[in-house]
Amino acid sequence: MRIAVTYENGQVFQHFGHTEQFKIFDVEDGKVVSSQVVGTNGQGHGALADLLNEIQTDVIICGGIGAGAKNALENVGIKMFGGVTGDVDKAVEDYLAGTLQYNPDIRCNHHSEGHHDNCGEHHDCGHHCGE
């Protein structure tokens, strides 16, 4: 299994479509056997789904994500766990343990409102990101 997490300075980056890096975890028998940080080469939103599909990603863990990107991930068969915050390594540990706290209905739909880069960091995100 391969898990990708939106990544910035060891934390889950909060806007899928703007992430510049993913931390990729290879998992065998329920344990991480390797990990690496990879760049997105400036691709954004739906194109990131293609990138993740090309590197055979099974699961993506992220913060906020737009409907178009969610649909693109679903179309290539990648399971998405959004609304996650905090340490990337801990998020993967929690996922593998079945205790990951995520929001299955997360969405980031304020792209035309001149929003902040990290929608997961808004204190009033409820009206922006559907949290």
Q. Measuring from L51:CG to F22:CZ, what's the distance to the nearest 0.5 Å?
A. 6.5 Å

(Q) Rounded to the nearest 0.5 Å, what separates atom CD1 in I60 from atom CG in L73? (A) 7.0 Å

**Q.** For L96 against I3, the heavy-atom pair lying closest together
**A.** CD2-CD1, 4.1 Å

Q.
Tell me whether V59 shares a hydrophobic cluster with L48, the cluster being built from Ile, Leu, Val, Met, Phe, Trp, Tyr side chains joined at under 4.5 Å.
A. no

Q) Considering all heavy atoms of both residues, which atom of T57 and which atom of A4 are nearest to each other, and what is their separation? A) CG2-CB, 3.8 Å

Q.
Return the OG1 to CD1 distance between T19 and I65, rounded to the nearest 0.5 Å.
A. 10.5 Å

Q: Might you point out which heavy atoms bring K90 and D87 nearest each other, and give the distance in Å?
A: N-OD2, 2.8 Å

Q: Determine whether F25 and Q36 make a side-chain contact, defined as any pair of heavy atoms from C-beta on separated by less than 4.5 Å.
A: no

Q: Return yes if some donor-acceptor pair links the side-chain N/O of Q14 with the main-chain N/O of V84 below 3.5 Å, else return no.
A: yes

Q: Without swapping roles, check the side chain of Q56 against the backbone of E54 for a donor-acceptor pair under 3.5 Å.
A: no

**Q.** Spacing of CG belonging to N53 relative to CG belonging to N75, to within rounding of 0.5 Å
**A.** 10.5 Å

Q) Yes or no on side-chain contact (heavy atoms from CB on, under 4.5 Å) for M80 and K70, after CA distance, side-chain angles and deciding distance? A) CA-CA 7 Å; M80 194 271 311; K70 272 178 91 168; 3.5 Å; yes

Q: Say whether, by atom type as modelled, one donor and one acceptor occur between the side chain of D58 and the main chain of R2 under 3.5 angstrom.
A: yes

Q. If Ile, Leu, Val, Met, Phe, Trp and Tyr residues are connected whenever their side-chain heavy atoms lie under 4.5 Å apart, and connections chain through other members, are I78 and L100 in the same group?
A. no

Q) Could you give the distance from CG (D89) to NZ (K23), rounded to the nearest 0.5 Å? A) 3.5 Å

Q: Say whether V38 and V12 are linked into one hydrophobic cluster, either directly or through other cluster members, by side-chain heavy-atom distances under 4.5 angstrom.
A: no

Q | Test side-chain contact (heavy atoms from CB on, under 4.5 Å) applied to F13 and Q21, step by step | A | CA-CA 9 Å; F13 186 68; Q21 297 179 313; over 6 Å; no

Q. Under a 4.5 Å cut-off applied to non-hydrogen side-chain atoms, are V5 and V92 in contact?
A. yes

Q. Can you tell me how far CZ of F16 sits from CG of L52, rounded to the nearest 0.5 angstrom?
A. 5.5 Å

**Q.** Same apolar cluster (I L V M F W Y, side chains within < 4.5 Å links), F81/Y7
**A.** yes

